[in-house]
Q: 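Attaching a single structure in C-alpha cells format; questions to follow.
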Amino acid sequence: MQKLGKNLGSYLGETINIRAVLRDVETAAQQHGWTSEIFHASGEFKWLALHRKSEAMSKEQRARIYISAGIHGDEPAGPLAALKLLQENNWPPDAEIFFLPCLNPVGFTLNKRENADGIDLNRDYRNPQAAETRAHIAWLERQLKFDLYLCLHEDWESHGFYLYEQNPDSKISLAEKMIEAVQKVCPIDLSAIIEERAAQNGIVRPNISPQERPLWPEALWLITQKSRQGYTLEAPSDFPLNTRVAALAAAVNAALASQFL
Ligand SMILES: [Zn+2]
C-alpha cells in the first residue's frame with residue numbers, strides 16, 4: 001500500500017461531518033447499553049463520556065480502560081474508529097470502559113488541529129487554559145484509576161502506523177500485540193526515528209520526565225495522575241481513511257483482548 005501523497009505540509013485528506021459522526025456515536029452507544037455523561041457543552045456541541053460496565057463479578061477481574069479520540073480536529077480516523085468500535089460492540093466481558101469519542105468537536109468543523117481559539121488541546125494539560133481541557137480534567141478527577149489508557153491519534157507525515165508506550169512500572173507490554181494486529185490492515189512505520197525519538201518496528205518508548213516538560217499532552221496527565229500504562233496510537237493520515245480507521249480499531253481490539261490486563 002502506497003501513501004496517497006496528499007499531505008503537503010499538513011493534513012489535506014478527507015474530512016468528516018463531525019455532527020453526523022457524533023449523532024451515530026450516540027445512537028450506537030444507546031443501542032448497546034452504554035451510559036452517557038455530558039461533561040462539557042459549548043454552542044451546538046456536547047462533550048460525551050460513555051461508560052460500559054464490566055460483567056465481571058469481582059473487582060479483581062475487572063479491567064478499567066480509558067479510551068479517548070478526537071482531540072485534534074484534523075485527525076478524522078479517531079472519531080470514526082470510536083464509532084466503528086461502538087457499532088461492532090465486540091468488547092471483552094470483563095472490561096469496564098470509559099470512552100470519550102471526541103475531545104475537540106469544534107476543531108473538526110474547521111479541519112484544524114487546535115480548538116476555535118487556536119489552542120492545541122493536547123499541549124494544554126499541565127496548566128489548562130481551554131474550557132474543554134478544564135472540563136475534561138475535572139471529569140477525569142472524578143474517576144477512579146484506570147488499568148490502561150488508549151489515546152487515538154493520526155500523524156499526517158508518518159509512513160505507517162506507530163504508537164507511543166508509557167509503561168513506567170515495566171508491566172507486560174501490549175505494544176507488540178497491537179502492532180501485530182495492525183500490520184494485517186495497515187502499513188507500519190518502520191523508521192528508526194519517529195518525531196525525533198528512537199523507534200523500533202513502529203513502537204516508540206519515550207523516556208519522559210513529565211516535570212521537565214512545560215506542555216503536557218493528555219497522555220502525560222494520564223500517566224502522572226490516573227494510569228500506570230498507556231498508549232498513544234498514531235494512524236498514518238496520508239493513507240486511505242478506511243485503512244486508518246481499521247488500524248486504530250485493530251489496535252484497540254488487540255489491547256483489550258490481551259490476557260495481561
Ligand atoms: Zn493528534
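We count ligands from 1, going down the list as the structure has it; atoms in each ligand are counted the same way. Residue numbers run from 1 in the order of the sequence given.
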Q: Measuring centre to centre across the rings, with the benzene-like ring taken for any Trp, is H40 within less than 6.0 Å of H136?
A: no

Q: Holding to salt bridge (Lys or Arg N to Asp or Glu O under 4.0 Å), I want the full list of residues that pass it with R62, two or more places apart in sequence or in another chain.
A: none

Q: Between E96 and R52, does any NZ, NE, NH1 or NH2 come within less than 4.0 Å of an OD or OE carboxylate oxygen?
A: no

Q: Count the heavy atoms of every other residue, nucleotide or ligand shown that sit under 6.0 Å from NZ of K53, and state whether that count exceeds 12.
A: no

Q: Among the protein atoms near the Zn ion (ligand 1), how many are N, O or S and lie under 2.8 Å away?
A: 4

Q: Would you call K46-E26 a salt bridge at under 4.0 Å N-O?
A: yes

Q: Indicate, with yes or no, if the rings of Y231 and Y149 have centres closer together than 6.0 Å.
A: no

